Amino acid sequence: MVVRQSRLFIPTLREDPADAEAVSHKLLVRGGYIRQVSAGVWTYLPLGWRVHQKVVQIIREEMDAIGGQEMLMPVLTPAELWEATGRIAVPEVFHLEDRTGRKFVLPMTHEETVTFHAREIQSYRQLPQILYHFSVKDRDEPRPRGGLLRVREFIMKDSYSFDRDEAGLDLSFRKHEEAYHRIFERCGLTVHAVQAESGIMGGKESVDFLAPAGAGENTLVTCASCGYAADLEIARGVPRAPELPEPLDAPAEVATPGVTTIEALAEFLGIDEAATSKAMPVVMADGTLVLGLVRGDDRLSESKLLGVLGRDFRPASEDEIRATFGARGGSLGPVGVTVEVIADEALREGQFVAGANRDGWHLLGVEAGRDYEPRFADIREPREGDTCARCGGVLGFQVAIEVGHIFKFGTRYSEPLRATFLDEDGREKPLVGGSYGIGPGRVLAAAVEQGHDEHGIVWPRTIAPYDVHVLALYGGAGEVLEQAEHVAALLGAEGLDVLLDDREERPGEKFADADLIGCPMRVIVGRKTLSDGRVDVRSRDGVVDERMEIANVVKWATSL
RNA sequence: CGGGGCGUAGCUCAGCCUGGUAGAGCGCUCGCUUUGGGAGCGAGAGGUCGGCAGUUCAAGUCUGCCCGCCCCGACCA
């Protein structure tokens, strides 16, 4: 297929949009792919929609390959379904009413609706099922950002599996995991599958697909030696060994007037920050106070502590701290307290300086097991350069975009919505489900983050809006345009998507736009190439740049 | 929701401190020249200066309130 650029709506911009920060945001706007309508609300212009649809088609093929059945569920959803599952209370849900006052929601995913349909599954003989669709999701995000990275409305491929038991769910889950790897690979993305934070949901398996990028909202922790990969929120790292002072037989009080920070404490005592401990009191929903204890040079990981406590919590207030410990926040320690102490694994061995629960005083030589009885857990946030817990290698950090998330929800939705089936043993059981999401928009943004240079986008072949960009540098010379049309037609006849720049623009502008748009292959036709029937071909990644016979151009383009 | 910044032509911005006829570059239209990395000359079109209220003889500029957008944080089944 050949299209003439002179007829297309591709509004490229010479300068970066003023409000853009992320590379993908800048380049997609400049390249005429997307435009913002409102905060977190975007239009895909014709070029952007072509890329989106190419991603969609790849996903579709891989979903069909694992037995997925495409369907379409509505956006407008009666609120009763969400009341039944309790998700009506999720703050990100958009609410609206019809003229009679009947309540609806705009769903953020479709578990309720698909489970509503799954009620028609009656027998184990009809299982398993994998249903999916591409549809609009709305989320009242408090803070959209980064162009397509975090938006309030987007299209998601969400699929849902229904099985008779956990074993079946495992299988459906693995099928999706493998399909997702193929999808991202076909889209030309580098992606790491990592165990995702399960938070208060607990127990259920959840895998995130993270694409390393210059902009993103997740931090991917990887070990180059053994391939370990995890989200920062649950990653495990081993901190460097501390320089511990001579051990004491018992804790000794030391006056530390005005010292309330770890930095000041280490400075004051002339010791390693890693030889101190830091206490963080938190309060759970039921009012119970817990003391989190990490090494002085570490940060408490809130997501890990959430996993350990199994319940939501908040930092304790100054009043609560005073009432419980009799001291201010900067002077707290684990010795002699009545509340539960959760200590990080790094504090298991050795003696550390801790707060004395007395303003202006600390304790030297505090030892876990001897001076206090903590519950040990991994609650520290890993740091770049930590040692890999698995192989001893060095942990590196990368900013990453979450492009996919697969999740086992079990009977979370089938129970409240009473989606049951009759099993082989004659008993009625709730369907066991999983949900699996990919945001094509984020895939697109991640592809730009991973594939660009100073001039513009460098698309992977598989999702580029067009395979070949033919530039006619004709300057009013009809023969040049004819040759360009000829080459374009030959390429188009081979099944390639060809964008023919037949605009009456100067060469520099055509080159600049072509760089920005980023089609993987380029053919340049101009006065220079008229003489001997050869044209210039160039790959966007710069690997190929040569003049060749038109017949060979077709071979080259179809072989890539 | 807390902190910071911004809102003037299609885009990127100046003008605001110190009130007095609304500007530049790019883009757009027409003409001529030019044509292998964002051309040159000439002539034009284009703006309720985010909104409302106030101060003033006079408000893009000062004051108040509101709205929108961006960034950091919180949040993110």
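Keep in mind the model is a prediction, meaning the values are calculated, not measured. Note on naming: letters A, B, ... go to the chains in the order of the sequence lines (proteins, then strands), and numbering restarts at 1 for each one.
Among the heavy atoms of the strands lying under 4.0 Å from A:P17 are primed sugar atoms or P, OP1, OP2 only; no base atom is included. Across all strands shown, A:R35 has no heavy atoms under 4.0 Å from either base or sugar-phosphate atoms.
You'll find that the side chain of A:I524 is closest to B:G36, out of B:C69, B:G36, B:A77. With distances taken from any side-chain atom of A:P142 to the nucleotides B:G38, B:C11, B:C75, the minimum falls on B:C75. Minimum atom distance to the side chain of A:R139 is reached by B:A77, of the listed B:A77, B:G38, B:G36.
Nearest-nucleotide assignment on RNA chain B puts the 5′-proximal partner with A:A512, out of A:A512 and A:M108.
Below the 3.5 angstrom threshold, one finds a donor paired with an acceptor across the side chain of A:R150 and the base of B:C76. Side chain A:R506 to base B:U34: a donor-acceptor pair is found below 3.5 Å.
Searching all strands for a Watson-Crick or G-U wobble partner of B:U55 with both distances below 3.5 Å returns nothing. When both distances must be under 3.5 Å, the Watson-Crick or G-U wobble mate of B:A43 is B:U29. Across every strand in view, B:A9 sits unpaired, with no contact that passes the Watson-Crick or G-U test at under 3.5 angstrom.
Listed pair A:S435 / B:A77 fails the phosphate criterion, with no side-chain N or O lying under 4.0 Å from OP1 or OP2.
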